[in-house]
Amino acid sequence: MDNFQTVLRFFMNQKATIGYSFMALLTIGGERVFSMVSFQCPCNHDQNFAYGLTFLLGPAGVLLILGLFFSTRLWRLYTGCCLNPMKLCPRGNCFGSLRVFMNIFSGACVAPIMWLCVALLNGTFYECAVSGLDDNLVVDLFCKNKTLKCREELARVPCDRSKLTADERMELLLMFRAQSQILGWCIIIIAAFVGLLGTCYTNCRSKVSYLQLTFWKRYVEKEKECFDTFAADYANKLAERNLHSFFENNDPAPFPFPNHRAWEEISALHTFSRSEQYYSTLQRYVERTDRDFTPEKRPVLDVEHGIEMH
């Protein structure tokens with residue numbers, strides 16, 4: 001039993017690494033499926049570049065959008081910002097909101113960068129896109145010291161319809177793939193270097209020590225897990241209370257519930273202060289002595305979403 005708990009604790013501590021590894025495997029598998037099943041280079045000057053670039057950048061754009069869409073931090077920051085623009089710049093601190101958004105955006109970029117790296121290291125999409133370029137610099141680079149037929153058949157090199165000899169075609173394919181792999185490794189190196197610099201800068205600017213920062217991260221994770229569990233349990237109790245009142249045809253029992261202002265306060269951006277030592281907006285709110293316990297008396301109907309907000 002102790003060994004099982006040790007293994008479980010290890011996986012819980014390394015869940016970020018495991019998640020990124022799983023994401024990398026999915027990216028590699030997805031790229032192979034695209035390359036083998038759906039990707040077929042048209043092999044003509046008019047369509048090669050657009051077709052290859054679409055398969056190279058299209059999935060990366062979709063992964064970026066999905067990463068932003070499923071980011072709870074993004075929606076926590078921007079929910080209701082049209083009704084209350086001060087949420088974007090609380091107390092005039094626009095830089096704080098911009099910094100949070102950059103952190104969210106950098107986290108959402110992990111999957112797209114993985115896709116670009118895997119796709120470029122494979123080289124299939126890149127060779128199709130580059131072979132369709134009509135730019136003289138690109139054509140001269142690949143067809144230098146070659147016959148005029150190389151310029152005419154460059155777009156057909158990714159396919160078997162090229163009229164070039166097998167040696168010439170293989171030489172051009174190797175050049176395409178070499179450039180693609182070099183570009184892929186450049187992206188990997190730049191991403192790793194930027195990630196290292198960003199981590200160093202963040203830790204250097206940290207207002208707390210490394211151990212306290214580690215505790216802070218653990219607390220935020222545990223608070224989120226407990227909030228999800230407690231919210232589900234509390235919602236279940238509230239639903240049961242309302243259903244009992246409806247089917248039994250009696251007045252509902254009193255049920256304590258945070259008011260709208262309380263929800264707004266715990267959803268705000270958190271800024272750490274050495275004098276307060278609060279690790280989240282929820283902790284700051286519950287430890288206040290002037291909390292407002294007044295319940296909302298007038299429910300507001302949100303017609304667009306069909307829900308009631310109290």
Side-chain angles (χ1 to χ4, degrees), residues 12 15-16 68-107 202-203 205-242 252-302 304-305 307-310:
M12 290 298 295
K15 60 182 180 181
L68 293 174
F69 184 79
F70 290 107
S71 174
T72 55
R73 294 182 64 195
L74 178 67
W75 300 123
R76 180 172 182 172
L77 178 64
Y78 288 104
T79 298
C81 64
C82 294
L83 299 177
N84 184 15
M86 287 300 296
K87 288 190 66 175
L88 297 179
C89 299
R91 301 176 183 177
N93 186 19
C94 296
F95 179 75
S97 296
L98 181 61
R99 183 179 57 190
V100 172
F101 179 76
M102 290 304 299
N103 290 337
I104 296 171
F105 184 79
S106 61
T202 302
N203 290 340
R205 297 281 297 178
S206 176
K207 298 180 180 180
V208 298
S209 65
Y210 177 75
L211 292 179
Q212 191 175 5
L213 182 62
T214 302
F215 172 80
W216 189 357
K217 293 179 180 179
R218 293 286 178 85
Y219 170 79
V220 171
E221 292 178 0
K222 293 300 181 181
E223 183 186 88
K224 182 180 182 304
E225 294 176 3
C226 293
F227 180 86
D228 293 339
T229 302
F230 196 88
D233 182 62
Y234 210 73
N236 183 62
K237 292 179 180 178
L238 179 60
E240 290 181 352
R241 171 257 202 181
N242 294 338
F255 199 88
F257 201 75
N259 58 26
H260 180 69
R261 181 176 297 177
W263 285 108
E264 286 290 331
E265 290 191 20
I266 69 169
S267 300
L269 286 176
H270 175 259
T271 53
F272 185 83
S273 174
R274 290 179 181 271
S275 61
E276 294 179 339
Q277 297 281 328
Y278 296 141
Y279 294 101
S280 68
T281 53
L282 178 62
Q283 183 185 6
R284 177 183 288 135
Y285 176 78
V286 298
E287 294 190 13
R288 280 175 47 186
T289 57
D290 58 340
R291 283 188 291 168
D292 183 10
F293 296 100
T294 305
E296 295 289 337
K297 297 181 179 180
R298 295 180 58 190
V300 181
L301 182 63
D302 188 345
E304 180 181 356
H305 297 92
I307 59 176
E308 280 190 351
M309 297 187 301
H310 297 273

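- Taking CG from D228 and CG from D233, the interatomic distance works out to 12.5 Å, rounded to the nearest 0.5 Å.
- Between the T229 side chain and the C226 main chain, no donor and acceptor come within less than 3.5 Å of each other.
- E265 pairs with exactly one of R291, R284, R288 by the side-chain hydrogen bond (donor to acceptor under 3.5 Å, both in side chains) rule, that one being R288.
- Using the six-membered ring where Trp is involved, W75 and F69 have ring planes that are perpendicular, over 60° apart on the 30 and 60° scheme.
- You'll find the side chain of W263 stays beyond 4.5 Å of the side chain of Y285, heavy atoms only.
- How far OH of Y78 is from CG of L68: 10.0 Å, rounded to the nearest 0.5 Å.
- Annotation: F105, atom CZ; neighbour count of heavy atoms from other residues, nucleotides and ligands within 6.0 Å does not exceed 12.
- When atom types are taken as modelled, the side chain of R241 and the backbone of P252 share no donor-acceptor pair closer than 3.5 angstrom.
- In terms of heavy-atom proximity, A262 sits nearest to P258 at CB-CB, 4.1 Å.
- Going from atom CD of E264 over to atom NE2 of H260 covers 4.0 Å, rounded to the nearest 0.5 Å.
- Atom CZ in R99 sits 12.0 Å away from atom CD1 in I104 (nearest 0.5 Å).
- The OG atom of S280 lies 11.0 Å from the OH atom of Y278; values are rounded to the nearest 0.5 Å.
- In this structure, F227 has its ring center no closer than 6.0 Å to that of Y234.
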- Task: Dump the intermediate steps for side chain to side chain contact (heavy atoms under 4.5 Å, CB included) on Y279 and Q212, then the final yes or no.
- Result: CA-CA 10 Å; Y279 294 101; Q212 191 175 5; 3.0 Å; yes
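- Using a 4.5 Å heavy-atom cutoff, the side chains of F215 and V208 are not in contact.
- For the atom pair I266 CD1 and R76 CZ, the distance stands at 7.0 Å (nearest 0.5 Å).
- Of the N and O atoms on the side chains of Q277 and E287, not one donor lies less than 3.5 Å from an acceptor on the other residue.
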